[in-house]
Protein chains: 2
Amino acid sequence: MNGAESLVRTLIAGGVDTCFANPGTSEMHFVAALDRVGGMRCVLSLFEGVVSGAADGYGRMADKPAATLLHLGPGLGNALANLHNARKANTPIVNIVGEHATHHRQYDAPLTADVEGVARPMSGWVKTSMDARSVAGDGAEAITAALTSPGQIATLILPADTAWNLADGPAPVAKAPDRSKVSDSAVLEAVEALRSGEPVLLLVGGRALRANPLKIASAIGQATGAHLIAPTSNGRVERGAGRSPVSRIFYPIKQALTQLERYRHVILVGAKTPVAFFAYPDTPSLVMPEGCAEHVLAEPQDDIEDALTRLAEAVKAPLGGAVIQQAGRPSLPTGAITPDTVGAVIGALLPENAIIVDEAINSAGTTYAQTAGCPPHDWLALTGGSIGIGLPMATGAAVACPDRRVVALQADGSGMYTLQALWTHARENLNITTIIFANNAYQSLDIELRNVGALNPGRIALDMLDIGRPDLDWVKLAEGMGVEAARADTLEELIDLFKASLARPGPFLIQVPI
Amino acid sequence: MNGAESLVRTLIAGGVDTCFANPGTSEMHFVAALDRVGGMRCVLSLFEGVVSGAADGYGRMADKPAATLLHLGPGLGNALANLHNARKANTPIVNIVGEHATHHRQYDAPLTADVEGVARPMSGWVKTSMDARSVAGDGAEAITAALTSPGQIATLILPADTAWNLADGPAPVAKAPDRSKVSDSAVLEAVEALRSGEPVLLLVGGRALRANPLKIASAIGQATGAHLIAPTSNGRVERGAGRSPVSRIFYPIKQALTQLERYRHVILVGAKTPVAFFAYPDTPSLVMPEGCAEHVLAEPQDDIEDALTRLAEAVKAPLGGAVIQQAGRPSLPTGAITPDTVGAVIGALLPENAIIVDEAINSAGTTYAQTAGCPPHDWLALTGGSIGIGLPMATGAAVACPDRRVVALQADGSGMYTLQALWTHARENLNITTIIFANNAYQSLDIELRNVGALNPGRIALDMLDIGRPDLDWVKLAEGMGVEAARADTLEELIDLFKASLARPGPFLIQVPI
């Protein structure tokens with residue numbers, strides 16, 4: 001067997017059985033090996049940003065890495081933006097990047113580039129295989145690296161001759177180290193903060209946002225008076241009726257400062273020190289007030305549920321004391337289409353076990369609040385601020401969870417970065433309902449331009465924010481890639497289209513003018 | 001004036017008056033400054049790969065850099081693939097990349113990344129401005145770096161506070177060093193090769209492919225019996241009736257080996273040592289035969305026209321001896337649509353002064369040959385092998401040359417990487433006729449899969465090559481972005497549509513099933 005086949009067998013034996021691919025010439029031995037080895041689901045995308053964003057969505061939902069298959073430095077370059085988002089979500093991913101044969105790398109061929117250099121900024125682990133017999137072992141190491149808590153991006157670069165030359169066979173995959181238990185002193189420090197009598201914030205992030213740890217954290221909050229808040233953007237929140245609810249730090253820095261100004265202690269539980277999304281001349285970078293003491297109960301890579309359990313015991317917070325979200329939905333709204341009424345439609349109709357992929361940006365409105373009492377569901381958000389992950393992330397989530405409906409809330413400007421994902425929605429007949437919030441603008445930038453003091457922006461500046469002229473017709477764009485689509489000009493049309501899409505398998509796109 | 005304005009003024013004074021932009025929050029001060037300072041044409045794109053590909057097309061045609069405006073590490077990441085192509089074409093580009101404020105970079109904000117790390121693999125010059133008063137000088141340095149022969153990519157990273165803080169004003173731009181003259185011994189060595197009586201190849205690349213140096217090279221060939229060939233892919237070839245013709249090294253390695261096996265000497269004139277696009281187990285990396293002596297007359301950065309002029313004098317090759325392409329076009333074809341008959345349509349109808357952007361890949365057919373006797377035109381090709389530059393490069397070429405018709409020959413698979421360029425075609429009403437060769441496949445990969453020995457590929461492998469199922473409807477995709485489009489199912493329809501598009505301003509797209 002050649003190196004490529006030894007890698008495919010290693011991946012499958014190591015539990016990596018899904019590959020998002022945009023291969024090129026140097027990856028053809030890997031592709032050829034897929035036919036000889038059963039068990040790898042291979043999903044083609046027409047752009048590498050779809051590949052990496054799908055791998056992120058898959059990893060968040062499957063809690064294990066997908067492989068990607070990418071073509072040399074430029075192919076990896078196209079994947080970087082969504083790898084950046086995945087990195088911020090601590091999503092495990094194994095990138096397989098083809099490279100020129102080892103003896104060909106010395107020449108300046110057209111596709112020659114510094115592949116490791118491209119990989120490094122967004123990868124936690126990078127390795128170039130040096131010969132065919134090393135490929136399986138390197139692949140095994142990549143899987144272990146990807147799964148090392150809290151999850152990271154492992155990039156394995158595969159010179160073509162290491163794929164085509166003879167190898168020994170697959171390599172065993174070492175188990176990733178267990179999540180480390182936090183120290184007793186970390187628990188004790190949190191206990192002391194909770195007993196200080198001063199206002200305490202429990203900032204819960206990462207794995208603390210799964211249903212069970214969130215319930216324990218809620219119980220701690222109820223027993224001690226501490227408040228529970230999550231960062232603005234989170235990789236995955238398990239929420240809905242029967243689970244413990246959690247609010248989020250506001251995105252606008254001034255609102256966030258007001259929201260958090262009361263706290264004298266912040267206990268970090270799988271979350272990092274909260275910082276402003278951007279700096280501004282007149283606002284601080286850190287959003288917790290000056291003089292607020294920071295206590296780290298658990299880092300993102302720690303055993304967060306264990307830490308919370310021990311803290312709950314120490315402060316005598318029985319699980320039964322947790323706040324439990326009651327079931328409840330908004331009524332179907334009437335009136336005009338606004339971000340809030342669209343949110344009410346989603347809240348009124350969201351099916352059980354849905355996965356919401358949130359890249360609605362300025363059109364998010366109150367959807368998070370209006371879905372709080374819906375049947376249990378997952379909420380996946382943009383973690384790295386690099387817009388263009390919504391449609392790809394929906395792809396990966398739907399591949400990971402074929403029995404669940406994915407609802408993608410997609411701003412139009414962001415959606416255009418990786419619209420090619422729609423073709424994969426169609427090809428794989430994925431159960432994804434996409435709602436495009438079509439405001440024909442980079443509305444964030446309009447807000448930011450005014451934030452920087454350009455109160456009367458001129459034509460040139462405004463042209464950089466306006467993505468109308470021509471307006472985008474998302475129905476045609478979707479149909480051009482094989483996804484059925486329609487435009488909802490009234491709330492009634494939106495309700496009918498959304499209901500219809502939930503009642504049938506496969507993808508559907510609804511363009512909503514906002 | 002703030003740092004951003006000092007930079008905009010420096011760019012304009014330095015001749016950089018066109019900016020391809022996909023800005024974000026951290027670039028808003030730059031955008032706001034554009035309104036206060038006249039003279040910068042700002043062209044918005046909906047994806048950064050369009051920005052960088054357009055800057056490449058612009059730089060190739062304008063012989064000076066455009067600026068790009070990109071948003072932090074991920075935005076630059078999205079631009080990398082086409083920066084890679086531009087780098088291989090030695091195109092001058094000044095990238096302006098926004099970054100977090102200097103005091104904010106220490107925090108792990110969502111968009112925090114190693115921007116310099118992302119920039120380095122594809123840039124010849126990288127700098128992060130450290131304060132507002134340095135921005136203008138750094139920008140001036142970037143322009144000089146971009147224009148330093150043979151042209152390179154200069155990336156200036158601009159922390160937000162260096163844009164918003166007070167600056168002193170614009171900085172003067174130093175002239176780039178002159179192209180260096182080649183040594184007399186380099187000329188002498190070429191003379192000796194040409195007089196050896198053995199078969200000699202003049203490999204002409206880069207600036208040698210402009211009309212005048214090509215004519216001198218042709219005269220040298222005629223006077224000495226040496227053959228004139230260009231590399232497979234070239235940034236820009238000036239060709240057509242009245243100019244000296246040049247053929248190219250074949251892309252398939254086995255054909256290239258046969259094409260070049262006769263030569264005992266290769267004289268490099270602005271070209272690099274020719275190497276195979278990819279390595280294969282059974283073929284060499286170097287395409288010149290073993291024992292062929294290599295002589296460097298001029299490196300890409302040298303004064304190539306001067307070197308050729310001196311060589312022509314030394315071998316007594318009067319300019320009047322050059323081969324001159326006679327005017328002549330193929331007849332309008334009849335029969336089936338094939339790459340060759342489409343090429344004949346283009347050859348029969350190509351307007352004077354057209355710019356052909358060639359990303360037709362496997363559908364290129366004989367178009368290069370069939371346009372040889374057309375009125376003078378430029379031919380821009382994919383130089384770095386990273387597909388997805390055609391539609392963006394057409395954008396930049398059309399912005400640089402508003403009075404010329406751009407004809408983009410675009411394979412469908414490649415076109416999908418950066419289809420967002422069509423929106424910019426529409427918004428700027430660019431004179432671009434796009435012909436989509438729709439074979440619904442990554443046909444290159446089908447060939448390559450068989451090359452690697454998978455003679456009977458199975459379903460999984462074939463699925464990775466087949467981009468039909470669903471078929472892409474480029475008419476809808478174009479219309480969705482505001483570009484008028486039609487499908488040509490017969491040669492007659494293609495002829496009518498192509499003629500019509502040439503007769504009116506603005507963009508048009510023709511989908512041709514191949």
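All chains are named by letter (A, B, ...) in the order of the sequence lines, taking the proteins before the strands, and each is independently numbered beginning at 1.
- Under the 3.5 Å distance criterion, the side-chain polar atoms of A/Q420 are matched with a main-chain donor or acceptor of B/Y417.
- Heavy-atom pairs under 4.5 Å with chain B peak, among A/P23, A/A119, A/A21, at A/P23.
- In this structure, A/M481 CE and B/L477 CG are separated by 5.5 Å, a value rounded to the nearest 0.5 Å.
- When the candidates A/S444, A/G385, A/G482 are compared by the number of heavy-atom contacts under 4.5 Å with chain B, A/G385 comes out ahead.
- The main-chain N or O of A/R427 is never found under 3.5 Å from a side-chain atom of B/R469 such that the two would form a donor-acceptor pair.
- Using modelled atom types, one side-chain atom of A/H104 and one backbone atom of B/A276 make a donor-acceptor pair closer than 3.5 Å.
- Two residues are said to be in side-chain contact when any heavy atoms from C-beta on lie closer than 4.5 Å; A/L46 and B/L472 meet this criterion.
- Of the two parts of B/W423, the backbone and the side chain both hold a non-hydrogen atom closer than 4.5 Å to a non-hydrogen atom of chain A.
- Contact of B/L72 with chain A is made through the side chain alone, with heavy-atom distances under 4.5 Å.
- With a 4.5 Å cut-off on non-hydrogen atoms, B/S52 does not touch chain A at all.
- Scanning both residues, A/A113 and B/M122, for their nearest heavy atoms gives CB-CE, 4.1 Å.
- Proximity of a side-chain donor or acceptor of A/K476 to a complementary backbone N or O of B/V475 within less than 3.5 Å is not detected.
- Top candidate by heavy-atom pairs under 4.5 Å with chain B, chosen from A/L111, A/V31, A/V118, A/N22, is A/L111.
- Taking all atoms of both residues into account, the shortest heavy-atom contact from B/F277 to A/H100 is O-CE1, 3.2 Å.
- Panel note: side chain A/K88, backbone B/T112; a donor-acceptor pair is recorded below 3.5 Å.
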Please evaluate residues A/Y442 and B/T25 with respect to the criterion side chain to side chain contact (heavy atoms under 4.5 Å, CB included), reporting the C-alpha separation (whole Å), side-chain torsions for both, the decisive distance (0.1 Å), and the verdict.
CA-CA 10 Å; A/Y442 287 138; B/T25 298; over 6 Å; no

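- Here the CE-CG distance, from A/M464 to B/L34, works out to 7.5 Å after rounding to the nearest 0.5 Å.
- Residue with the most contacts toward chain A among B/P281, B/G458, B/P74: B/P281 (heavy-atom pairs, distance under 4.5 Å).
- Within the 4.5 angstrom heavy-atom criterion, no atom of B/R87 approaches chain A.
- With values rounded to the nearest 0.5 angstrom, A/Q106 atom CD is found 7.0 Å from B/S285 atom OG.
- Contacts between A/L80 and chain B at a heavy-atom distance below 4.5 Å involve the side chain alone, from C-beta outward.
- The closest donor-acceptor contact from the side chain of A/D35 to the backbone of B/A461 lies under 3.5 Å.
- With a 4.5 Å cut-off on non-hydrogen atoms, A/R41 does not touch chain B at all.
- Counting heavy-atom pairs closer than 4.5 Å to chain B, the top residue among A/H29, A/E479, A/E27 is A/H29.
- A/D463 and B/L44 get closest at one heavy-atom pair: O-CD2, 3.4 Å.
- In this structure, B/F47 and A/F47 have perpendicular ring planes: the angle between them is above 60°, well past the 30° mark.
- If you measure heavy-atom distances from A/A160 to chain B, you find no contacts under 4.5 Å at all.
- Of the atoms belonging to B/D108, heavy atoms from both backbone and side chain fall under 4.5 Å from chain A.
- Of the listed residues (A/A101, A/P121, A/S26), the greatest number of heavy-atom pairs within a distance under 4.5 Å of chain B belongs to A/P121.
- In terms of heavy-atom pairs under 4.5 angstrom with chain A, the leader among B/N78, B/I467, B/D114 is B/I467.
- In terms of non-hydrogen atom pairs under 4.5 Å with chain A, the most contact-rich of B/F278, B/F30, B/Y107, B/W474 is B/F278.
- The two residues B/C42 and A/I460 make their nearest non-hydrogen contact at CB-CG2, 4.2 Å.
- Contacts between B/L286 and chain A at a heavy-atom distance below 4.5 Å involve the side chain alone, from C-beta outward.
- For B/H71, the part lying near chain A is the side chain, with the backbone staying farther off; criterion is any non-hydrogen pair under 4.5 Å.
- Of the residues considered (B/V43, B/D161, B/L419, B/T273), B/L419 shows the highest number of contacts with chain A, using heavy-atom pairs under 4.5 Å.
- Ranked by heavy-atom pairs shorter than 4.5 Å toward chain B, the options A/G384, A/A109, A/G77 are led by A/G384.
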